[in-house]
Amino acid sequence: MSILDLKTQLIEGIAASLKSLDLPQDNLHLERPKSQEFGDFSCNAALILAKKAKLTPLRLAQKIKQNLDILKTVVEEITVTPPGFINFTLSKDFLRKEVHHILQVGEAYGQTSHGKGKSALVEFVSANPTGPLTVGHGRQAVLGDIISRILEWHGYDVTREYYFNNAGRQIRLLAESVYARYMGLLGETMVIPEGGYEGNYITEIAENIYNKHGSIYNKKVDDPIFKNTAVQVIFNDIKSTLSNLQIKFDEFVNEKSFYENNRINSIIDRLREQDLVFDEDGATWFATTKLGKEKNTVLIKSSGEPTYRLPDIAYHEYKMKRNFDLLVDIFGADHKDTYPDVLSALKSLGYNIDIIRVLIHQFVTLKKGGEKVKMSTRKATYVTLEDLINKVGTDVVRYFFIMRNMKSHLNFDMTLAVKESDENPVFYLQYAHARICNIIKYADAVGISYTQKSYLRLISHPSEIELIRELIRFPEVMKSALEGLEPQVITNYLQALATQFHKFYTECRVVTEDKKLSQARLALITAVKYVLANGLSVLGISQPERM
RNA sequence: GCCCCGGUAGCUCAGCUGGAUAGAGCAACGGACUUCUAAUCCGUAGGCCGCAGGUUCGAGUCCUGUCCGGGGUACCA
């Protein structure tokens, strides 16, 4: 039985008891008490329903308890404590059986079928190819990938999608910047455009063109070679960085495609039919004030060029039309004000926007030795993600970016990150895994291994029991990660599990003269190994067998 | 001005959709390797949960106000 099934059973039991007392049964849930003295689960139903039952919470709790019909083999003790909680303590027998359960299910332990037969589209990164990915993009890249993995863990068929724009003003500036460097290489005067790009990579792209073609593009600022080479080189660079982070996209969608097949005009037309589009001052506006916003929004500038919102709407309509069950958009805080326009447009066009989950993450504040660094791709005052990966490694980078709640600002101190990479919390988890692997190897060498009948009844030491208690929380944690689409709960949990394991390790020797006990403990730590490995793999972090 | 996010130990942050005595890591101090890995463990110390009201059996968590930090508020993306 999984802990999730057990919780359902307990809640059903409580509901039945409430029904027999003629009390409402909705909104029941179990909590994990902070202290073990209150057992493994507690229920606050009596506190909430006391008024309705015209009893003190304590008396009501007693009554609910009396009417409870719950298996003694699973729940060892039910207590009522002030102010009126009903507490359930799981039997040791149940806990031991759970270890067996974990060993049987193995790599699938903690999975659910919530997403079985469903598909999800996760859009993230979506940085335009104007420069290398920065540390700032890293947070979103890792967040998006791990959220995708969480969805996959629960059975979703996930498409990771990257939306980009290789046209427009920024790209024109990029091409002109490359051209300027190219002219510089030819010994001509080099005019870097106003607001152009200054990074070293621009020079490298120019050299690339020069080495291949010499001076044949002299004075040909409009030749597509500059734009094409730049975009191609930068995109390759971006993909290679992502690949170093163990991230692979399934689809790349070009904003340009929405101009080509008339989708944009069609959106304007359909919104106009509903009186949500009007013309003013030569521009075309989206009447967002009619949809509850304070200001209207420009969709087509008076120059005739659409703002990015319009293709964004077209892109999201394209997402909708592909019939996913779930659409996840991951944006930085700078999009906070713009995505509601996209959603209200989709709604007006008749789409069910309930399937969209928009996740907004706060920015990374980069620091160097305590000093704040302002990042700008244009000015090349950034630290590239690639540099960071090279310095501290993929596992550390991935872990670092999801250690914190996405709603919080992430202070990233480069100096500290490099210095502290040796004592990064990710190693704490991996060390626990490696320790287990080593014990198993040692046990193997002396001829002890666990079998299905591994004397688990011999497990009784407090730190063993605590370890199991921690272990079986895993399915709950993974469920909550799915509900909140928040990877951080997994890292918090794995830290707690590793702590409990390290504690167990110092208190209980696994391989001893006592063969039966050794087998039992071997079974226990193998279960720990599965859970650690499962958690780490969802985070996309390696599980070393030796450190 | 208006909108969004944050404010919890010296520092960096957890705190499970309102629960019981607010937690961890780092830094400080004191202990533990003859053992399956000390990248570890145990202990001590550290708090007006920004501030003030409110809601109720119960608030770090919800509401109102206020202060501080960040982001947004473009015919830029």
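Residue numbering restarts at 1 for every chain, and letters A, B, ... go by the order of the sequence lines. All heavy atoms count here, side chains included; hydrogens, waters and symmetry mates do not.
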Q: At 4.0 Å (heavy atoms only), tell me whether Lys51(A) reaches a base, stays on the sugar-phosphate, or touches nothing.
A: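 Touches sugar-phosphate only.
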Q: In whole Å, what is the span from the CZ atom of Arg139(A) to the P atom of G71(B)?
A: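 Checked: the CZ to P distance equals 14 Å.
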Q: Have a look at Ala432(A) and say if it touches a base, only the backbone sugar-phosphate, or nothing, with a 4.0 Å heavy-atom cut-off.
A: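 Answer is nothing: Ala432(A) stays at 4.0 Å or more from every strand.
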Q: For Tyr318(A) and Phe258(A), what are the C-alpha separation, side-chain angles and deciding distance, and is it a ring pair (Phe, Tyr, Trp, His ring centres under 6.0 Å)?
A: CA-CA 9 Å; Tyr318(A) 170 60; Phe258(A) 301 106; 5.8 Å; yes
Q: Distance check, C1' atoms only: G47(B) and C11(B), in whole angstrom units.
A: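 Each nucleotide's C1' atom is 15 Å from the other's.
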Q: What does the list of N/O pairs under 3.5 Å between the protein and nucleotides 7-9 of chain B look like, with a distance for each?
A:
none

Q: It should be established whether Gln488(A) places a side-chain nitrogen or oxygen under 4.0 Å from OP1 or OP2 of nucleotide A14(B).
A: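 Yes, within the criterion.
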Q: Salt bridge (Lys or Arg N to Asp or Glu O under 4.0 Å) for Arg32(A) and Glu476(A)? Distances and angles first, verdict last.
A: CA-CA 11 Å; Arg32(A) 285 281 190 176; Glu476(A) 288 177 90; 2.6 Å; yes
Q: Rounded to whole angstrom units, what separation is found between the OH atom of Tyr399(A) and the P atom of U12(B)?
A: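 In whole Å, U12(B) P lies 18 Å from Tyr399(A) OH.
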Q: Round to a whole Å and report the spacing from CG of Leu485(A) to P of U17(B).
A: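 Taking CG of Leu485(A) and P of U17(B), I get 14 Å after rounding.
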Q: Within the 3.5 Å criterion, strictly below it, is a donor on Gln170(A) or Asn128(A) matched to an acceptor on the partner's side chain?
A: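 There is no such pair (donor and acceptor under 3.5 Å, judged by atom type) between the side chains of Gln170(A) and Asn128(A).
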Q: Rounded to the nearest 0.5 Å, what separation is found between the CD atom of Glu464(A) and the CD1 atom of Ile468(A)?
A: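 Going from the CD atom of Glu464(A) to the CD1 atom of Ile468(A) covers 7.0 Å.
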Q: For Thr289(A), what residues pass the side chain to side chain donor-acceptor pair (under 3.5 Å) criterion, not counting sequence neighbours?
A: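 Thr289(A): side chain to side chain donor-acceptor pair (under 3.5 Å) contacts with Asn296(A).
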Q: By side-chain contact (heavy atoms from CB on, under 4.5 Å), which residues pair with Asn265(A), not counting sequence neighbours?
A: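 Applying side-chain contact (heavy atoms from CB on, under 4.5 Å) to Asn265(A) gives Asn262(A).
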Q: Any donor-acceptor pair under 3.5 Å linking the side-chain atoms of Tyr505(A) with those of Ser463(A)?
A: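 Note: Ser463(A) and Tyr505(A) side chains miss the donor-acceptor criterion.
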Q: Show each protein N/O and nucleotides 20-22 of chain B N/O combination with a separation under 3.5 Å, one pair to a line.
A:
unit_1 : atom_1 : unit_2   : atom_2 : d
A20(B) : OP2    : Lys34(A) : NZ     : 2.9
A20(B) : N6     : Ser42(A) : OG     : 2.9
A20(B) : N6     : Asn87(A) : OD1    : 3.0
A20(B) : N1     : Thr81(A) : OG1    : 3.1
A20(B) : N1     : Asn87(A) : OD1    : 3.4
U21(B) : O4     : Glu37(A) : OE2    : 2.6

Q: Take Ile48(A) and Gln362(A), find for each the nucleotide of RNA chain B with the closest heavy atom, and name the residue whose nucleotide sits nearer the 5' end.
A: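 With Ile48(A) and Gln362(A) compared, the 5'-side residue is Gln362(A).
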Q: Check every strand shown and say whether Asn492(A) touches a base, only sugar-phosphate, or nothing at a heavy-atom separation below 4.0 Å.
A: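 Since only primed, P, OP1 and OP2 atoms lie under 4.0 Å of Asn492(A), the category is sugar-phosphate.
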Q: Between protein and nucleic acid, restricted to nucleotides 74-77 of chain B and to nitrogen or oxygen atoms under 3.5 Å apart, what atom pairs and distances do you find?
A:
unit_1 : atom_1 : unit_2    : atom_2 : d
A74(B) : OP2    : Lys295(A) : NZ     : 2.4
C75(B) : O2     : Ser302(A) : N      : 2.6
C75(B) : O2     : Ser302(A) : OG     : 2.7
C75(B) : N3     : Ser302(A) : OG     : 3.3
C75(B) : N4     : Asp281(A) : O      : 3.1
C76(B) : OP2    : Lys301(A) : NZ     : 2.8
A77(B) : OP2    : Tyr308(A) : N      : 3.4
A77(B) : O2'    : Asn128(A) : ND2    : 3.3
A77(B) : N6     : Tyr308(A) : OH     : 3.1

Q: Do you see a donor-acceptor pair shorter than 3.5 Å between the side chains of Thr288(A) and Asp341(A)?
A: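 There is no such pair between these side chains.
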Q: Are Phe504(A) and His461(A) close enough that their ring centers fall under 6.0 Å?
A: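 Aromatic pair excluded; centres sit 6.0 Å or further apart.
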Q: Between Asp279(A) and Thr284(A), is there a side-chain donor-acceptor contact under 3.5 Å, judged purely by atom types and distance?
A: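 A donor-acceptor contact under 3.5 Å links the two side chains.
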Q: Say whether Glu198(A) and Ser177(A), considering side chains only, have a donor N or O and an acceptor N or O under 3.5 Å apart.
A: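 No, no side-chain donor-acceptor contact under 3.5 Å.
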Q: Does a donor on one side chain sit under 3.5 Å from an acceptor on the other, for Tyr315(A) and Glu161(A)?
A: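 Indeed, the side chains of Tyr315(A) and Glu161(A) share at least one donor-acceptor pair under 3.5 Å.
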Q: Under 4.0 Å, heavy atom to any atom of RNA chain B: which of residues 500-514 of chain A qualify?
A: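 Listed by number, they are His502(A), Lys503(A), Tyr505(A), Thr506(A), Cys508(A), Arg509(A), Val510(A), Val511(A).
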Q: Heavy-atom nearest nucleotide on RNA chain B for Arg404(A) versus Ala498(A): which residue maps closer to 5'?
A: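 On the 5' side of the pair lies Arg404(A).
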Q: Please state how far atom CG in Leu482(A) lies from atom P in U17(B), giving the value in whole angstrom units.
A: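 So the CG-P distance, Leu482(A) to U17(B), works out to 13 Å.
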Q: Look at the side-chain N and O atoms of Tyr428(A) and state whether any lies under 4.0 Å from the OP1 or OP2 oxygen of C41(B).
A: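 Looking at the OP1 and OP2 atoms of C41(B), one of them is under 4.0 Å from a side-chain N or O of Tyr428(A).
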